[in-house]
Every structure is written in C-alpha cells, then in structure tokens.
Amino acid sequence: MGYRPTPIDTSEIELDESLERRLAELARHLHDVWAARRLAEGWRHGTDRNQDQKTHPNLIEFSELPDSEKEYDLQSASETLKAVLALGFEINPGQGNRLPAAGAEPQDITEILSDPRRATSANLRSVWLHRDHDLWSSHPRLYRDLTERAVRIDPLFAYDVAAEGLAHFPAGARLDQLAKDERDLALRLNQLMGLALIQCGALMPAHAILTGLHQQGLRDGETLGLLGRTFKELALSAQDQDQRTGQMRKAHSAYLGAYKNARKEGRLDHASYNGINAAMTALLSADADLAQRLAREVEVICEEQLNAEDAHQDHYWPLATLGEAALIQRDEARSRKYYGLAARAARGQRRDRDLGASRRQAALVLDHTGDIDLRVEELIPAPSCVVFGSWRAEQEGEITQSDMSESALADEIARCLDGLGASVGYASAASVAELLFLEELNRQDAEINVVLPYPAEVFKESWIRRALGNQWAERFDRLVSDAARVLALCDFEPQGLVEAQYFADLHADGLAALRARSLSTVVERISLAGEIRPGPAASLPDLWHREGRKVHPIGNRSNATKTDVSQSATSGLEPESDLASARRIRAMLFADTSGYSDLPDHLLPDFMTHFLRPVAEVAQKYDASVLHRRTTGDGLFFVLADVRSACRFGLDLRDRFDALDWAAVGLARHLGLRLSIDCGPVHAQPDPVTGGVTYCGAYVNRAARIEPVTPPGNVYVSESFAAVATAENVGGIALEYVGNLTLPKAFGTTPAYHLRRA
C-alpha cells in the first residue's frame, strides 16, 4: 500500500480558551452529522455494528457515547480548528446566537438567559436539551433562571425544568429546614411550578403545591397571589353557585393579604398585581365599593412604577393594570387609553401570554358590569394560534399540492396570516404550501412548531428532497433550525406514510388547540381550498368540516397536482381482518393493579373473580369499539378503534374499580388500578396462535411503558393521545399536563397528561 497520510502540521497551534470551550459543541455537531447521514441511509441503533442489518451502537446522543468515542470526536474537532488556524485563517467566535455546549461554564448559560434577544424559545429548548446534568446539579440556580424564561413561553416546558430542579432538594423537606439560599431557590421553583401548572389548566396540582407553601407559613405576595389565582380559577370553573361564591371569597382574601404584605415590603410589582386582583375578586363578590377603592389605590402604585427611573422597567403590566383599574371604575375612555398603551409596549416582544391574561381579566370585568358598551376585542386585540391543514391521500399514495405558482401561493398565505395576527403556528412540512406557511410565520417573527411523522433528517432525505427537490430540502433545514419545537412522532421511517402523515397532522391541530387554550386565545385554521369528501376523515380539512370548524381557505385546487409519497393505504376504519399487516391509528389501553403482587396465594382466585367480572361488564358496553382484548393476571390490554371511545372506556373502568368493595370480599388491602392510554398507527395482523388479530408497533410499546409510572387510581395518556383527542374534539374530558415521565426499561421519557372527567 503506497498511501501515506500527510495531515497539516498543527503541532505548533494552540487553541485559545474561547475555542477550547466550544470543542464539545463542535464534537457533538460532528457526531450528529455522521448519525444523520447513517439514518438517512437506513441505519438504525443496535447493540452491535452489523453491515448487513445496518445497525450501529453509536446511533445515540453524543452525551451517551462511550468516553473513547467522545474523545475521538473531540480530537477530530480540535484538529479541524487547528488546521483552519494553521492555514492562516482567523476564528472569531462572536456572540450571535451561539449556544453553550454541554459542559459549558454557568456564565455561558446565564448569558443567554439574561439576554431577551437570545432567550428565544428555540434557544431555551436547545440549552435544556444539551445541558450537562452534573453542572446543573452543582448550580441549581440555572433551573430557576431557565424556568423564569420558559414560563413566559411554554408552561409545559417550564414545568419540566422546575420539576428537575426541585428533584435536587431533599424529598419532603420543609423550606425552613434549608439554608437561606437553598430556601429562596426552592421557594421560587415551587412558585414557578405552581404558575406553570395554572397556565396548563392543572388547577388541583397547582393548588396542592401553593397550599403546601401556605401551610409552611409563607405569606409573601407571590405565594399568596398564586394561591389566590388557584381559588379564583376554581371559582370560575365551579358549577355550583355556593361553591363559586365560597372559592371567590377565598381568592379575594388571599389577594388582599398578598396586597397588604407587598405594600409593607415595598414590592410595587407584587402590590399592583395582587391589588388589582383583590379589586376584581371584590367586584365578582358583589362588593363594588371596595373594588373601586382598591382600584384607585392600585392606580397610584402603577403611576409610581411608571415614573420610576429604571432602564429595565417593564411598562406592559403597569399600563395594562391601569386599563383594568379604569374599567373597574367604569371609565371607558381611560381604559381604552391604557390598554392601547399596553398593547403598544408589548409590540415586538412576543407577549401573547400576557396579552391573553389581560384580555381574560377585562372580559371578566365586562361580563360582570354589564352596563359598559364595550367588547374586549376593542380594548386588546386577540393573538392567534394558527395551524395549517393539508389535503392528504385523495387516492392511494398521493399528497395534493396547489396548482398556484409558488409566489402567488406565498402572497396569499402572507395576506391571510397578516389578517389573523398570527403569533404561534403549527404544521407538518410535507407540502410546498405547508413549507411556505412556516416560512411566512418565521418571516413575521412568529413562533413556528413543526410536527413530523419521523426524524427531520430522514424525512428531508426520503421525502422532501425526493418529492420537492434540493432547494426545498435546504429551506426545510432552515425552518427546522429556526423552529421552537420539531416533534418527530417516531424514530424510524414507517411503512404506510399516508397514515403516519395524517397522524402528524392530527398532532399539529391538537397541539395548536392545547397551546391556544393556555394562551386564552383561539385557533385559526388554514387550508388549501377544495371539495369535502364523504366518509371518515383522511385529512385535516375533512375533519374540520365534519366537526363544523371555521377554516380560512387559500387559493383553489381545480387543477390540483398530485405527488406520490408511498404505497400506503388511506385512512379508514375497515375491519382489521381485512388489513393484513396494515397500519391504522388506534388507541391502546394498558391497566395493572398496584398491591396485587402482595396478595397471598389463597386470595388470588377471589381477586380474579371480583376483578375480571366488572372489567367484562364495562368492556361489554364498548363492544362496538373494542377491537382486541387480553388479560394476564391483573394486567389488561385493550385496543380500541378511536380515542373518543378510549377516553370513556378508561374512565369508566377506573370508576368501576374504585367503586368495588374489596373489604366485603376479604380483600381489605390497598388496591389501586393504574391505567395508561396511547394512540398511533399500529400493525394489525393475524395471530397464528389464537386465530384472532394481534397488534404490535412502537406505540403499543410506549403505551405499555406509561402504565407502570401512573399513580394508582389515575388514567395517564401520552401527548399523542392528548393531541388527537383535542383535535377530534372529544367532549366531557379534561387533560392536565403532568410533565415528562421517565419510562421504565430504558425507554426514555415522554410528555404525559392526566385524563379526568370535565
């Protein structure tokens, strides 16, 4: 062999401190580039490297690589930088949007968190994704700082950050048992977690956290104010008038106490917030005189805030509070003035959540007074959460594209978004129209969220580049880079792309609706114009028409073109026996009994009799929807045709179990049923052992992993299930976010929701 490597001589080159600190980031990038290429070529993770089966053990996160492999990538990164310098180039790291690498110093992370221009949703998520766990556990203030930023953008994300931060404190420890710095940090994380839960609509868990703080003697304005907010929300959601009145009085008492304490402490921000809420809850408790007196006092505090010589003063809340105080005093002109100034102060700052909160407060006052001829839209324009729905699979293996030119379609999308005031957008990215929609949102500085059926790099190579061309592949890359969130629903390219893509579309619609709910705003839905098809929905526009939802049509499809995507079948609810190995979106329910393994042997027959009989009775009610059932001891596995049936079946099963009188049959032990539900495209195929139909696939596996981490007596569902249930407008249920669950058997983590009756 005559080849003799002659690398550039870098022996005299030394990297300065700033470049040394970026090596881990560059090494991770090199690993990700290699892994993305492998995945695009059809490789997957496996315990051994196998050329024939295309498996490789290093198709994992850089942080999970063996030290020897990390060192190899670090050495490659170091030599690359040294070679660039040896060739005479200069490297100036600069600031830009540079993100800290795993293992960076705390000040690198703080730089981003303290800079509003760099603390974008995408950057905050990147900081979180690439955090060094050892570093963060040594500097837990990073959890607080990131949660402070995240709670303004996405409460689900903020909850996860706060939960991990609090896990570093002793479980069950009272705050007064901690050192002062630790106490202050733990208190703030608890407050932020409570706030995030409130914003998610999870009132009872938030109330439990804040009541716990109150019982420990915390009477500061922030804790009492948040506690008052949970009482207020519970009052507004109460069906019984006596309960509503009682909760509202508790809310007023908490807000009033917080207001008085904040004034004593000289905390103008806490005093104005709690004071205006004390005024509003007094108004809703039929004490108009007290409400107006408190509103006048708050006006003085807000004026003092606005006159303070503070370069970092946030003027939005003092101005919005002045608008609300004027409204409580029935001063329409001044209310318009201050709400208008508040909206102007919020311009360009992505204050959608704050604007939504102000709109809701104003609406409550207007609804109660009844004698002011104003609509809330006249005071505070509504932000909007927008989702784009594409036509899918008109015929087998086709996605419908618009026949309009790209520039004409882009112009029409821009005009539509301008009219809607879009601030947050969701879409898949399988068509030119969707990509143009996401690009226009990005141009308008709105937050974009991309939902894909499988990983972005593989999707780009197997679909975008092949079907739409190289130019669109590059534009897709830019969108993925700028997106606040890119959600890949599975980690492989599935068979049956049409069904997988429809599943991604349902996710986009459901996540948009869940997000809009947290923003106190509405979902605006956009699609290409077209004819509605009868029968089961095969695309979002069909579903929207079936559910009677308003849609903003774009362009026309009289001469629509079609693009082949796969040989997959289209959506539908055909009998499973006719679908040999086809993938269909189904709901999977797993259930297990806590305490069963502790039962003595002689009690097991009694348990099985009294356990399985009510299960059979409940299942019989849902015979038309139950496609598969299996029992194994105390374990249950059901496959149902749709999420609506799965919601009702799961809740009925839980309620029936809870109603059983175990003591009456000699089983006076603590027994609780854990239920988990997931949904997604799964394989249905003949079972040669039973002669029936069996189900398998990644979503079946995930559903089974959620059940063991579900608290007894609860029904937990995946984010997929929550999104699809919301997209399909399932009524009579509530979904409360519970955070990212760590699943057993090294199955990673998954966002989960608590399913309960509304």
Side-chain angles (χ1 to χ4, degrees), residues 1 3 5 7 22-81 99 101-103 125-126 128-133 429 450 452-466 470 473-474 476-477 480-481 486-497 500 504 566 581 583 680-683 696-702 704-705 740 742-750:
M1 178 179 174
Y3 169 62
R22 301 300 160 206
L23 282 180
E25 186 176 2
L26 182 55
R28 181 184 60 79
H29 169 72
L30 293 173
H31 171 70
D32 286 350
V33 169
W34 168 84
R37 188 180 300 117
R38 288 283 185 172
L39 290 169
E41 293 169 352
W43 287 70
R44 57 189 174 83
H45 177 259
T47 54
D48 299 307
R49 189 184 188 282
N50 187 307
Q51 185 73 29
D52 295 330
Q53 297 182 7
K54 289 191 172 183
T55 61
H56 201 296
N58 290 347
L59 284 172
I60 54 178
E61 290 281 350
F62 178 78
S63 60
E64 299 173 1
L65 287 172
D67 289 343
S68 59
E69 293 296 332
K70 288 182 184 176
E71 184 58 36
Y72 179 87
D73 286 331
L74 286 166
Q75 186 67 24
S76 297
S78 177
E79 285 301 316
T80 298
L81 292 177
L99 298 179
R125 289 182 183 279
S126 183
W128 180 243
L129 180 65
H130 300 118
R131 68 194 180 283
D132 182 315
H133 290 272
V450 184
L452 301 173
Y454 52 94
E457 189 65 28
V458 186
F459 188 76
K460 180 185 72 175
E461 297 301 329
S462 66
W463 167 240
I464 299 291
R465 193 183 301 281
R466 177 172 65 82
N470 291 334
E474 294 174 4
F476 174 83
D477 271 341
V480 166
S481 175
V486 179
L487 176 61
L489 300 181
C490 63
D491 57 5
F492 56 89
E493 182 179 356
Q495 294 177 341
L497 180 56
S566 78
S581 199
R583 294 173 85 241
V682 296
H683 298 280
C696 60
Y699 296 99
V700 176
N701 297 337
R702 186 175 66 182
R705 300 294 180 265
N740 259 317
T742 300
L743 304 180
K745 299 185 179 179
F747 212 76
T749 64
T750 189

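These figures come from a predicted structure and were not determined experimentally. All residue numbers refer to positions in the sequence shown, counting from 1.
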(request) Nearest 0.5 Å please: distance from the CG atom of L74 over to the NE2 atom of H31. (result) 12.0 Å
(message) Ignoring hydrogens, what is the shortest heavy-atom contact between P453 and A504? Give both atom names and the distance.
(response) N-CB, 4.0 Å
(request) Please step through side chain to side chain contact (heavy atoms under 4.5 Å, CB included) for the pair D73 and W34, ending with a clear verdict. (result) CA-CA 11 Å; D73 286 331; W34 168 84; over 6 Å; no
(message) Classify the ring geometry of F459 against Y454: parallel below 30°, tilted from 30° to 60°, perpendicular beyond 60°.
(response) perpendicular
(request) Could you grab the distance from atom CZ of R465 to atom CD of E474, nearest 0.5 Å is fine? (result) 7.5 Å
(request) Please report the closest heavy-atom contact between E457 and D477, naming both atoms and the distance. (result) OE1-OD1, 4.4 Å
(request) Please report the closest heavy-atom contact between A456 and F476, naming both atoms and the distance. (result) O-CE2, 3.5 Å
(message) If I compare all heavy atoms of C490 with all of P455, which pair ends up nearest, and what's the gap?
(response) O-CD, 3.0 Å
(request) For the pair T80 (side chain) and S76 (backbone), establish whether a donor and an acceptor sit closer than 3.5 Å, ignoring hydrogens and angles. (result) yes
(request) Mind listing the closest non-hydrogen atom pair of C696 and V682 along with its distance? (result) O-CB, 3.7 Å
(message) Less than 4.5 Å apart, side chain to side chain, heavy atoms only: is that true for T55 and R49?
(response) no
(request) Establish, for the pair R125 and W128, whether the NZ or CZ atom is under 6.0 angstrom from the six-membered ring centre and no further than 45 degrees off its axis. (result) no
